[in-house]
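Worth knowing before you read on, the calculation uses all heavy atoms, side chains too, and leaves out hydrogens, waters and symmetry mates.
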Amino acid sequence: EDLCQFLSGLTATDAELTLNDTALNVTVTSNLAAVTSNLAAVTSNAGDIATITGSSDNQFLLSSAYLVFFMQAGFAMLCAGSVRSKNTKNILIKNVLDACVGAIAFFIFGYGFAYGTKEGKSTNEFIGNWNFGLQDFTDWAGFLFQWAFSAAAATIVSGSVAERTAFQAYLGYSFFLTAFVYPVVVHWVWDGNGWLTAFKDNDKLFDCGMYDFAGSGVVHMTGGVAGLMGAMIVGPRTGRFGPDGRVVAMPGHNASLVVLGTFILWVGWYGFNPGSQLAIIGSEAVVARTAVSTTLSAAAGGVTAMAINYGLYHVWDLIAVCNGVLAGLVGITAGCSVTEPWTAIVCGFISAWVIHGAGKLLLKLKIDDPLEAAPMHGACGAFGVFWVGLMAKKEYVAEVYSGAEKCAGVFYGGDGSLLGAQVVGVICIFLWVGGLLGLFFLALKKMNMLRTSPEEEQLGLDESKHGGSAYNMELVAPMPTEM
């Protein structure tokens with residue numbers, strides 16, 4: 001009897017254990033299902049976050065591209081106001097066609113020479129070699145942003161050769177620059193395979209590479225040196241220098257357009273400089289600091305230019321202030337993301353002196369640059385690249401460039417490697433652009449295709465080439481009054 005009771009209790013215990021095991025299995029299975037569901041939700045959310053991040057960065061880049069392209073309107077107004085009224089249409093159509101011709105040239109050839117690469121095909125440190133006509137390509141926002149930069153580089157030259165250059169010669173130059181000359185410089189500095197680039201893990205020039213964040217050298221110096229070559233070879237405007245070497249003033253006809261153009265360019269620079277980070281998610285501090293530095297350099301350049309001209313000539317010169325603002329913007333473009341904002345004030349101050357000194361030097365050499373484009377973009381662009389080698393802050397460099405522990409300005413603990421790379425970059429850009437564009441303009445001059453005739457220049461290019469004056473102001477006789 002006792003044995004039966006014991007066996008009966010044991011059977012009941014086994015039944016309870018079986019029930020407990022079943023409940024445990026159900027619980028574990030339920031928990032595993034919940035974990036799996038949660039993992040699926042996390043994976044889905046991660047995908048959504050990645051999509052949102054990519055879309056936000058893409059929209060930031062496109063908005064920056066729109067701002068940079070809007071700078072073409074600024075260049076147009078600045079150029080129109082800085083020339084004599086009889087040449088207004090001529091310089092405006094050149095600005096419009098820089099965008100049109102540049103878009104086609106950069107689409108067919110330029111982007112491929114700048115960034116083109118094919119998977120499995122050997123890369124080239126000197127020039128890109130694929131994606132011509134955007135073959136095998138899907139980064140549309142990246143192309144638009146880079147094209148807007150190429151258009152800006154081409155437009156710079158229109159000011160240097162204004163009022164006396166043949167229209168067809170200018171179109172040829174615009175295509176050549178945006179299709180080949182400028183893209184090669186872009187490849188050197190901004191493509192990950194370029195020999196000057198800082199965007200690769202090893203084999204950098206002096207272990208640093210050249211730091212030109214938004215293009216003081218790549219864009220502005222390229223355009224400025226091209227303009228210098230054009231101004232030298234085409235020669236000065238008729239009557240610009242007297243028989244005794246005295247400089248004859250030829251002021252622009254509309255200061256209001258100059259001011260409007262300056263403000264449009266200043267606004268556009270907020271796409272040019274901050275937009276060069278290429279992304280906003282995770283880079284908010286870099287983008288915002290870049291915008292602040294851009295602002296301070298422009299402001300310092302304008303104030304300094306005003307002080308220089310008043311100190312020398314006792315005139316509060318509006319045009320000089322506008323040029324000083326633009327000089328400050330050009331000067332800070334290379335280092336806007338890697339230098340401290342307070343140093344941007346010093347950069348703008350020095351840039352104003354650079355454009356003033358370079359402008360005086362050109363006049364001394366009898367080189368006529370109506371808009372001072374070569375001093376502004378060429379000289380101030382070279383200074384901006386050099387400035388980075390002096391003032392780049394190591395912590396800021398690490399936020400923008402990888403593997404840059406030793407690369408800082410000499411005033412911020414650098415060992416001179418970065419400064420050396422900057423100097424090499426300036427020299428090579430000058431030789432490349434100056435050599436190719438010098439030969440191009442000389443060839444056009446040899447074929448009598450570079451300059452308009454003295455009669456056309458005297459009459460004005462609007463009347464002689466573009467169907468009449470830009471300002472059709474009819475004189476209206478007063479209405480008779482009744483007695």
Side-chain angles (χ1 to χ4, degrees), residues 113-114 125-127 149-150 152-161 173-174 176-191 194-198 205-206 208-234 326-327 330-335 347 350-351 353-355 357-362 364-365 367-369 371-390 418-443:
F113 287 137
E125 290 190 338
F126 184 81
I127 193 170
F149 271 55
S150 72
T155 302
I156 291 168
V157 183
S158 64
S160 292
V161 298
Y173 144 79
S174 184
F176 183 48
L177 186 84
T178 51
F180 182 67
V181 179
Y182 167 78
V184 170
V185 179
V186 171
H187 184 80
W188 292 354
V189 182
W190 287 342
D191 184 70
W195 71 275
L196 275 173
T197 190
L205 181 65
F206 303 141
C208 291
M210 176 180 168
Y211 291 180
D212 188 4
F213 181 72
S216 287
V218 174
V219 179
H220 295 283
M221 189 180 167
T222 295
V225 172
L228 175 63
M229 293 297 107
M232 288 174 58
I233 295 168
V234 76
L326 297 175
V330 173
I332 197 59
T333 294
C347 180
I350 299 175
S351 295
W353 282 102
V354 170
I355 187 175
K360 294 300 180 185
L361 177 61
L362 289 193
K364 192 76 173 176
L365 297 173
I367 299 173
D368 182 20
D369 186 340
L371 272 83
E372 292 192 327
M376 180 186 298
H377 299 277
C380 291
F383 162 71
V385 175
F386 182 75
W387 178 252
V388 178
L390 299 177
L418 176 59
L419 180 60
Q422 303 299 97
V423 172
V424 170
V426 167
I427 293 171
C428 291
I429 291 173
F430 181 84
L431 293 176
W432 171 256
V433 178
L436 288 182
L437 268 300
L439 291 173
F440 184 82
F441 286 124
L442 282 172

- Is the backbone N or O of Val189 less than 3.5 Å from a side-chain atom of Thr197, with the two atoms forming a donor-acceptor pair by type? yes

- Note on the structure: Rounded to the nearest 0.5 angstrom, the CE-CD1 distance for Met376 and Ile156 is 9.5 Å

- May I ask you to decide if the ring planes of Phe176 and Phe180 are parallel, tilted or perpendicular, using 30° and 60° as cut-offs? parallel

- Phe386 CZ: over 12 foreign heavy atoms closer than 6.0 Å: no

- Item | Thr155 side chain near Ser158 side chain, heavy-atom distance below 4.5 Å | yes

- Query: Measuring from Leu205:CG to Leu418:CG, what's the distance to the nearest 0.5 Å?
  - Reply: 10.0 Å

- Query: Donor-acceptor pair, Trp190 side chain versus Asp212 backbone, under 3.5 Å?
  - Reply: yes

- Task: For residues Phe440 and Ile233, determine if any side-chain heavy atom of one lies less than 4.5 Å from a side-chain heavy atom of the other.
- Result: no

- Task: Examine distances only and state if a side-chain atom of Trp432 and a backbone atom of Val181 form a donor-acceptor pair shorter than 3.5 Å.
- Result: yes

- Note on the structure: In short, Cys380 meets Ser351 closest at the heavy-atom pair SG-O, 3.6 Å

- Donor-acceptor pair, Tyr173 side chain versus Ala154 backbone, under 3.5 Å? yes

- Query: Nearest 0.5 Å, what's the CG-CZ distance between Leu196 and Phe206?
  - Reply: 10.0 Å

- For Gln422 and Tyr211, indicate whether the former's side chain and the latter's backbone hold a donor-acceptor pair under 3.5 Å. yes

- Rounded distance (nearest 0.5 Å) linking atom CG of Leu436 with atom CE of Met229: 11.5 Å

- With the side chain counted from C-beta on, respond yes when Leu177 and Leu437 share a heavy-atom pair under 4.5 Å apart, and no when they do not. yes

- What are the two closest heavy atoms between Gly223 and Val157, and how far apart are they? O-CG2, 3.5 Å

- Query: Taking the six-membered ring for Trp, are Trp353 and Phe383 ring centroids under 6.0 Å apart?
  - Reply: no

- Task: Flag the pair Tyr182 / Val219 as yes when at least one side-chain heavy-atom distance between them is below 4.5 Å, and no otherwise.
- Result: yes

- Smallest separation among heavy atoms of Met210 and Val385, with atom names: CE-CG1, 3.7 Å

- Query: Where do Pro183 and Thr178 come nearest, in terms of heavy atoms and distance?
  - Reply: CG-O, 3.2 Å

- Going from OG1 on Thr333 to CH2 on Trp387, what distance comes out if it is rounded to the nearest 0.5 angstrom? 14.0 Å

- Which atoms form the tightest heavy-atom contact between His187 and Phe113, and what is the distance? CB-O, 3.6 Å

- Is Val186 close to Thr222 at the side-chain level, that is, under 4.5 Å between some pair of heavy atoms? no

- Task: Check Ala358 against Ala379 and note the closest heavy-atom contact, atom names and distance.
- Result: CB-CB, 3.8 Å

- Note on the structure: When rounded to the nearest 0.5 Å, the distance separating CE of Met232 from OG of Ser160 is 12.0 Å

- Is it true that a side-chain atom of Ser216 and a backbone atom of Val330 form a donor plus acceptor pair closer than 3.5 Å? yes

- Which of parallel (below 30°), tilted (30 to 60°) and perpendicular (above 60°) describes His220 and His377? parallel

